[in-house]
Amino acid sequence: MVLLSKFSTIVGWNSAIRESVNQSRPHKALLLFFQMKQNGLEPNNFTFPFLAKACAKLSNLKFSQIIHTNVLKSPFRSDVFVQTAMLDMYVKCDRLADAYILFERIPMRDVACWNVMLMGFAQLGFLDKVLRLFHEMRFARILPDTITVMGLTQASLETKNLALVKAIHAFGIQIGIDGDVSMANTWISAYSKCDDLSSAMAVFNGIEIGARTVVSWNSMIAGYSNLGKFLDALNFYKWMLCDGYRPDISTIVSLLSSCIQPDKLLQGVLTHCHGIQMGCDSDIFVVNALISMYSRCGDILSSRFLFDGMSNRTCVSWTAMISGYADKGDLNEALRLFHAMEAAGEKPDLVTVLSLASGCGQTGALELGKWIHNYAFSNGLRDSIVVCNALIDMYAKCGNINSARELFYALPVRTVVSWTTMIAGFALNGNYEEALDLFCLMVDLDLKPNHLTFLAILQACTHAGLLEKGMEFFDMMKKVYKINPGVDHYSCMADLLGRKGRLEEATELVKSMPMKPDARIWGALLSACKIHRNVEIGEYACRRLFELEPQGAVPFVEMANIYASERRWDEVAALRTAMKFKKVKKIPGQSLLHVNGKPHVFTVEDRGHPEGLLIYAMLDSLALQLKEEQYSPRSENFVK
DNA sequence: ATAGGGTTAG
């Protein structure tokens, strides 16, 4: 009886449709709309925006077009509310161009229309387009509101432009919208995405305590999580709980993403437990985050357990699982899942291809890499600069520098990442001259090298032994480009100086570093001392290295080699005893090769390979040939 | 009618 009266008027239908949309059941809303039409009732200006929202949530173009046709046939086709809803619907279905055409045809555009377009462009990262729209909007004397400023903030985020975020923040204060919580939340996340957590904190503290929302807390937690600061994130979470706020899915996902480091498995498991206790462990976002957390922390079996237990996997779930296997070096399983994904009707996207390509680079799987290349290009990813960069990197890491070069020169547009990848690729493959030439060309073209570009060129100089060039670039980086060198840059320079026998300068450089030198730097210095037989500095580096890694065998072995080269046998013997006493073991170096898609692992003096006899016979004959060519391989290892 | 935090990669 109640039902009958409810559905006898348009108002009844509208409220039912509104309810469905608000409960995140867009399909039900659309179904109600079709039933309503069958009952002979026509939608009005209140119905259409709800239907548009349903289509937007589904991101379904077909349904959107049906709704749009109904609008055009209705008397509400020039209602500005309805038109705005149509714009938003097309934007959410990734049809920005269609939306823009509609937008230009609206005679009386109010602030909401402009905001929809602005947001659409902002979320795709078209900063210049957003700024132009904003200027046009001001020219049309439309007053910007909180949503406009949120759009501007989002657009400047894509380029991590902190100065622009600050300018927009100032503008927001100027027009008096800084008291709005949603606005403050946007600024919190904007600042934290630009790595300026003190500004984010200042905005957070500026919100009245009673006015804070779960989103305010989540934004702060996400800010710390993205920088890998688990403890700070967890403290914020604790305060949030103390203040009586209930965490939601985003809170748990953010906390999980701060555990994505090999040594944070325990934190990850505890967060998982807490998520279960809070009842948010079955949400697809949380499960996806868990899969990637477990696999990145090295516990791929837990990832797989969760993955296998999922009832509906999205592209993200598959990709998280695939990249877990690819990073681990298990390309067979990664590929098997990739095919299973296609068979399950889920379309691999750009990220899936990127994960596989980087997996191929890491393991040197050239044949599979070629296949990925072909797959990417025949699936519309030819124009993706990110994919091309990943492929260049993959070819370079697999040692196929010609294919890498070919791809690079064929690119229609190149980003700094493309240049950097290519320079690093040349450096890795011993094409030092090409690396230097490319770097100079880049500078000539007025492109700005970044800290990674400089790292690549310094590595090229180090491996080629070009001391003057290296120093020149190191200076250029600091003085011309105002980039502060990181640990890796110092490491390169110390290595370069050390190889050239300038051990005192190398030591001075390491001591002058503004950050704590890591084990690799002391290791590089130590092996330089080995080449140049410097006991004094060697002992110093050895001690520093021992402080950092008490269980490592490398300092013992290297130092023993230095003593041995000076024929100081007593010290060699003492070191050997110390090694036995400390129970340090040297893990033998390994070499990995892919032959016909199969990995082959070799260690020193390893005769275990099925074709070992043949391989070593081949090596012996190579050694003979080298001798005939008057090349004598050097071996400085007196101690094995 | 328009909006804020969260998953995969770099």
Side-chain angles (χ1 to χ4, degrees), chain A residues 45-46 48-53 56 76 79-89 91-92 106 109-120 122-123 144-151 153-154 180-190 192-193 213-223 225-226 247-258 260 280 283-293 295-296 313-324 326-327 348-359 384-387 389-390 393 415-417 420-421 452:
Chain A
N45 53 339
F46 291 101
F48 285 124
F50 292 125
L51 295 171
K53 201 162 202 169
F76 307 102
D79 180 304
V80 73
F81 278 33
V82 174
Q83 283 178 319
T84 307
M86 290 299 106
L87 286 184
D88 187 53
M89 182 179 76
V91 168
K92 297 280 160 57
I106 301 175
R109 287 177 292 204
D110 65 1
V111 65
C113 296
W114 287 91
N115 285 346
V116 171
M117 290 319 297
L118 206 103
M119 268 294 170
Q123 277 165 358
D145 62 2
T146 49
I147 295 165
T148 321
V149 181
M150 279 182 202
T153 313
Q154 280 222 347
D180 186 284
V181 200
S182 307
M183 196 62 250
N185 293 344
T186 306
W187 283 330
I188 291 173
S189 75
S192 55
K193 275 179 187 155
T213 63
V214 180
V215 178
S216 320
W217 287 98
N218 285 352
S219 304
M220 282 310 296
I221 292 171
S225 291
N226 291 334
D248 65 4
I249 288 154
S250 301
T251 324
I252 301 295
V253 171
S254 293
L255 278 175
L256 281 174
S257 69
S258 67
I260 298 187
C280 21
D283 177 88
I284 190 135
F285 263 60
V286 175
V287 180
N288 289 346
L290 282 167
I291 290 173
S292 76
M293 182 275 290
S295 72
R296 299 268 280 277
R313 309 179 180 102
T314 64
C315 174
V316 175
S317 328
W318 286 98
T319 306
M321 202 62 239
I322 289 170
S323 79
D327 284 343
D349 70 351
L350 180 141
V351 184
T352 324
V353 170
L354 286 177
S355 321
L356 280 170
S358 99
S384 162
I385 186 81
V386 188
V387 167
N389 292 343
D393 189 51
T415 62
V416 181
V417 181
T420 305
T421 309
L452 290 172

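Hydrogens, waters and symmetry mates play no part in the numbers below; they use all other heavy atoms, side chains included. So that the names make sense, note that chain A is the first sequence line, chain B the second, and so on, each numbered from 1. Predicted model only: the values in this text are computed from it and were never measured.
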Checking all strands, does [X] fall into the base, sugar-phosphate, or nothing category for heavy-atom contacts under 4.0 angstrom?
X	result
A/Asp79	nothing
A/Asp283	base
A/Ile385	nothing
A/Met150	base
A/Arg296	sugar-phosphate
A/Ser358	sugar-phosphate
A/Val351	base
A/Gln83	nothing

| Taking atom types as modelled and ignoring hydrogens, do the side chains of A/Asn389 and A/Thr421 form a donor-acceptor contact shorter than 3.5 angstrom? | no
| task | Check side-chain contact (heavy atoms from CB on, under 4.5 Å) between A/Phe46 and all other residues, then give those that pass, not counting sequence neighbours. | result | A/Asn14, A/Asn44
| request: State which residues pass side-chain contact (heavy atoms from CB on, under 4.5 Å) with A/Asp327; sequence neighbours excluded, sorted by chain then number. | output: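 By the side-chain contact (heavy atoms from CB on, under 4.5 Å) rule, A/Asp327 matches A/Arg296, A/Ser358, A/Gln362.
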| request: Shoot me the first and last contacting nucleotide of DNA chain B against chain A, ordered 5' to 3', at under 4.0 angstrom to non-hydrogen atoms. | output: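 For DNA chain B, the relevant span reads B/dA1 to B/dG10.
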| message | Suppose we screen for side chain to side chain donor-acceptor pair (under 3.5 Å). Which residues come up paired with A/Asp248, at least two apart in sequence or across chains? | response |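 If we apply the side chain to side chain donor-acceptor pair (under 3.5 Å) test to A/Asp248, skipping adjacent residues, the hits are A/Asn218, A/Thr251.
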| said: A/Thr146: which residues meet the side chain to side chain donor-acceptor pair (under 3.5 Å) condition with it, sequence neighbours left out? | reply: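 Expected list: none.
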| remark: Hits for salt bridge (charged side-chain N to carboxylate O under 4.0 Å, His left out) against A/Lys92, two or more places apart or cross-chain, chain-then-number order -> A/Asp88
